[in-house]
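So the structure is just underneath, and the comments pick up after that.
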Amino acid sequence: MGPTTGDRATVHAATPEATPESGAPSVAADPQSPRSKELLALVRRRGRIEVSESARMLAVSQETVRRELRKLEAQGLIRRSYGLAFPVETSSFETALSQRWQSFPEEKARIAAEVARRLGEARTIFVDEGFQPLLAARALPQDRELTVVTSSLPVATELSARPNVQVIIIGGRVRGKTLGVVDGAAVDMLRTFRLDLGLIGANGVTVEDGLTTPDPVVASVKAAAIEVSRRRIFIGAHHKFGVTSFVRFAGLDDFEAMITGTQLGAARARAFHAAGAEIVQV
């Protein structure tokens with residue numbers, strides 16, 4: 001069994017792990033390095049950067065950029081994958097929803113399509129906040145009656161025009177960056193439901209820490225959604241794996257499946273399988 005609800009919203013210090021493709025050193029980036037600060041500001045502002053583009057913008061060599069990015073990754077501030085660098089979200093930084101479409105859109109579209117194939121007999125569904133859950137909501141079938149409970153204003157807007165979907169948005173405070181609904185009122189309302197399926201996202205997933213997110217109030221909403229959903233599926237692109245954020249809200253075995261892309265390395269996928277996760281790569 002996974003952790004109890006009381007165990008889910010547990011604060012953990014970030015513990016970034018080196019990846020085979022990164023070759024990340026164990027030495028943390030110098031917090032006073034002007035170039036490190038400039039690169040970090042760039043990747044956070046743009047949502048992702050390429051090594052060659054960054055080298056041109058900063059008027060330095062590509063090897064210099066790679067070296068600084070390795071340091072930033074070792075400190076847990078960015079994540080590198082296939083020549084790109086992405087910001088890692090922390091308690092003090094989170095990317096805006098408007099930036100997230102830039103990160104692996106084809107992979108995220110495949111994940112959303114796989115969700116639609118795995119609905120089974122579900123008629124009442126929780127859809128989390130975030131860009132990947134929004135894509136999953138768009139992929140929901142239009143030939144069956146559904147009730148969708150969501151913490152996401154964009155999901156509610158997307159589905160409200162469909163005649164086959166009854167949309168219920170939970171009440172609470174709206175977060176400006178993600179347009180997600182949070183706080184105690186949202187949690188209290190969620191706990192009145194009994195849902196067939198929960199589609200849950202996260203900012204990071206590791207074998208050691210399970211599923212994490214930067215904001216405690218977001219973690220509380222996610223934990224409540226997991227608590228009231230009979231079935232739970234995690235949906236997230238490969239770059240979420242191996243990253244730890246600020247607050248833990250679920251364990252790997254809380255989910256019947258964790259759907260991600262084929263870009264997730266074989267060694268990392270095996271490690272998650274060994275830890276009890278049902279990894280589905282599309």
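It should be emphasised that the depicted structure is a prediction, and the values quoted were computed from it without experimental measurement.
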Which residues pass the salt bridge (charged side-chain N to carboxylate O under 4.0 Å, His left out) test with [X], not counting sequence neighbours?
| X | result |
| --- | --- |
| R56 | none |
| R117 | E114 |
| R231 | E256 |

Applying the side chain to side chain contact (heavy atoms under 4.5 Å, CB included) criterion to M258, which one of V205, I200, I235 satisfies it? V205
Using the rule given for side chain to side chain contact (heavy atoms under 4.5 Å, CB included), can you reason through E107 versus V282, listing the C-alpha separation, both sets of side-chain angles and the distance that settles it, and then say yes or no? CA-CA 8 Å; E107 178 186 5; V282 294; over 6 Å; no
For the side chain of [X] and the backbone of [Y], is there at least one donor-acceptor N/O pair under 3.5 Å apart?
| X | Y | value |
| --- | --- | --- |
| T150 | V127 | yes |
| T192 | D188 | no |
| T124 | D196 | yes |
| D209 | T206 | no |

Distance-only criterion, 3.5 Å: show the donor-acceptor pairs between side-chain atoms of residues 134-145 and protein atoms not counting sequence neighbours.
from	atom 1	to	atom 2	distance (Å)
R138	NE	E158	OE1	3.3
R144	NH1	G120	O	3.2
R144	NH1	A122	O	2.8
R144	NH2	G120	O	3.1

Would you say the side chains of R175 and T178 form a donor-acceptor pair under 3.5 Å? yes
Would you list the pairs meeting side chain to side chain donor-acceptor pair (under 3.5 Å) in which at least one residue belongs to residues 271-282, sequence neighbours left out? none
Here the ring pair (Phe, Tyr, Trp, His ring centres under 6.0 Å) pairs for residues 184-235, sequence neighbours left out, are F234-F241
Given side chain to side chain contact (heavy atoms under 4.5 Å, CB included), test V218 with F249 step by step and report yes or no. CA-CA 9 Å; V218 175; F249 65 87; over 6 Å; no
Let me see the working for S36 and E68 under side-chain hydrogen bond (donor to acceptor under 3.5 Å, both in side chains), right down to the final yes or no. CA-CA 6 Å; S36 291; E68 295 299 330; 2.7 Å; yes
